[in-house]
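All remarks here apply to the structure that follows.
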Amino acid sequence: MPVDATLPYDDSNIFARILRGEIPSKRVYEDEFALAFHDIAPQAPLHILVIPKGRYVSWADFSATASEAEIAGFVRAVGKVAADAGLVESGYRLLANTGLDSHQEVPHLHVHIMAGRKLGPLLAR
Ligand code: 5GP
């Protein structure tokens, strides 16, 4: 079910639980600002999710209220995860669903990194 990204942060969401180590994930990167792990249902040969460590529901929330350090740290982490995975030459797609029309399912900001094949047009046609 898509989530309403204008609602307050819910500490019981699945990515909050992954951040707290309450449920397992296949982690690939962690620093002060971000955690990256494999998507449980990959939609490309490589499908990694990068989340900020702070309590942000969506891109809208994060871009409006996060500190400069959190924003810089998160954006650099996304780039580092992709670079460390060897994706700079072949290319990759970033996607951040935000709110109801986007079909965001988890109410903690996450950027999808998808790669490993020709991904085709952005949206189904
Ligand atoms: P959204 O639709 O919100 O942009 O993407 C949510 C993503 O989270 C989906 O691609 C889904 O497969 C992934 N996901 C949902 N639950 C879990 C989980 O428990 N663990 C991991 N690793 N990924 C999850």
Side-chain angles (χ1 to χ4, degrees):
M1 281 292 288
V3 296
D4 179 350
T6 65
L7 291 176
Y9 189 81
D10 171 8
D11 283 299
S12 69
N13 81 76
I14 196 90
F15 292 169
R17 298 181 64 204
I18 284 176
L19 264 176
R20 293 195 296 266
E22 293 171 4
I23 59 171
S25 63
K26 286 167 50 180
R27 296 180 177 216
V28 297
Y29 179 76
E30 182 171 9
D31 65 21
E32 181 184 353
F33 297 106
L35 175 69
F37 50 91
H38 288 277
D39 195 292
I40 203 168
Q43 296 188 38
L46 187 68
H47 187 170
I48 293 170
L49 302 171
V50 191
I51 67 175
K53 287 200 166 169
R55 300 165 73 256
Y56 298 102
V57 174
S58 70
W59 190 270
D61 182 17
F62 184 70
S63 60
T65 65
S67 69
E68 306 296 308
E70 286 175 300
I71 291 171
F74 181 67
V75 170
R76 288 197 189 281
V78 173
K80 181 165 173 48
V81 169
D84 288 353
L87 302 178
V88 173
E89 192 173 333
S90 54
Y92 56 92
R93 177 170 291 162
L94 300 181
L95 185 74
N97 290 321
T98 304
L100 292 167
D101 278 359
S102 76
H103 211 275
Q104 181 181 356
E105 290 185 333
V106 179
H108 182 117
L109 170 63
H110 46 287
V111 168
H112 299 254
I113 300 176
M114 287 170 283
R117 64 169 167 80
K118 302 282 184 213
L119 294 168
L122 179 57
L123 299 176
R125 291 179 173 163

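As the structure lists them, so they are numbered: ligands from 1, and atoms in each ligand from 1.
For ligand 1, the polar-atom distance check finds no N/O of H47 at less than 3.5 Å from any of the ligand's N/O atoms. Checked against a 3.5 angstrom limit, the closest N/O atoms of Q104 and ligand 1 fall outside it.
Ligand 1 places these atoms under 4.0 Å from at least one heavy atom of N97: 1 (P), 2 (O), 4 (O). The A41 neighbourhood of ligand 1 comprises atoms 12 (O), with distances under 4.0 Å to a heavy atom of that residue. Residue H112 approaches ligand 1 through these ligand atoms, each under 4.0 Å from one of its heavy atoms: 1 (P), 4 (O), 5 (O), 7 (C), 10 (O). Near F37, the atoms of ligand 1 lying under 4.0 angstrom from a non-hydrogen atom of the residue are 22 (N).
Shortest contact from atom 1 (P) of ligand 1 to any protein heavy atom: H110 NE2, 3.1 Å. The closest protein non-hydrogen atom to atom 2 (O) of ligand 1 is H103 O, 3.3 Å. Scanning the protein for heavy atoms near atom 8 (O) of ligand 1, the closest one is F15 CZ, 3.4 Å. Scanning the protein heavy atoms around atom 19 (O) of ligand 1, the nearest turns out to be I14 CG1, 3.5 Å. In this structure, the protein non-hydrogen atom closest to atom 22 (N) of ligand 1 is H38 O, 2.9 Å.
Here the side chains of V78 and I113 are in contact, with some heavy-atom distance below 4.5 Å. Between V57 and L7, the closest side-chain pair of non-hydrogen atoms is not below 4.5 Å.
Nearest-heavy-atom check against atom 7 (C) of ligand 1 across L95, V106, D39, I40 picks out D39.
One finds no salt bridge joining K53 and E70 here, because no Lys/Arg side-chain nitrogen approaches an Asp/Glu carboxylate oxygen to under 4.0 Å.
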Between L109 and F74, does the side-chain contact (heavy atoms from CB on, under 4.5 Å) criterion hold? Intermediate values first, please. CA-CA 11 Å; L109 170 63; F74 181 67; 4.1 Å; yes
Run the numbers on L49 and F15 for side-chain contact (heavy atoms from CB on, under 4.5 Å), then give the verdict. CA-CA 10 Å; L49 302 171; F15 292 169; 3.5 Å; yes
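Note on W59: it clusters hydrophobically with Y56, by side-chain heavy-atom contacts below 4.5 Å among ILVMFWY residues.
At least one heavy atom of L49 lies less than 4.0 angstrom from ligand 1.
The number of heavy atoms from other shown groups lying within 6.0 Å of CZ (R27) is above 12.
Within the model, atoms NE2 of H38 and OG of S25 stand 9.5 Å from one another, a figure rounded to the nearest 0.5 Å.
Ring geometry for H47 versus H112: interplanar angle of 30 to 60°, hence tilted.
With a 4.0 Å heavy-atom cut-off, ligand 1 is reached by the side chain of I18 but not by its N, CA, C or O.
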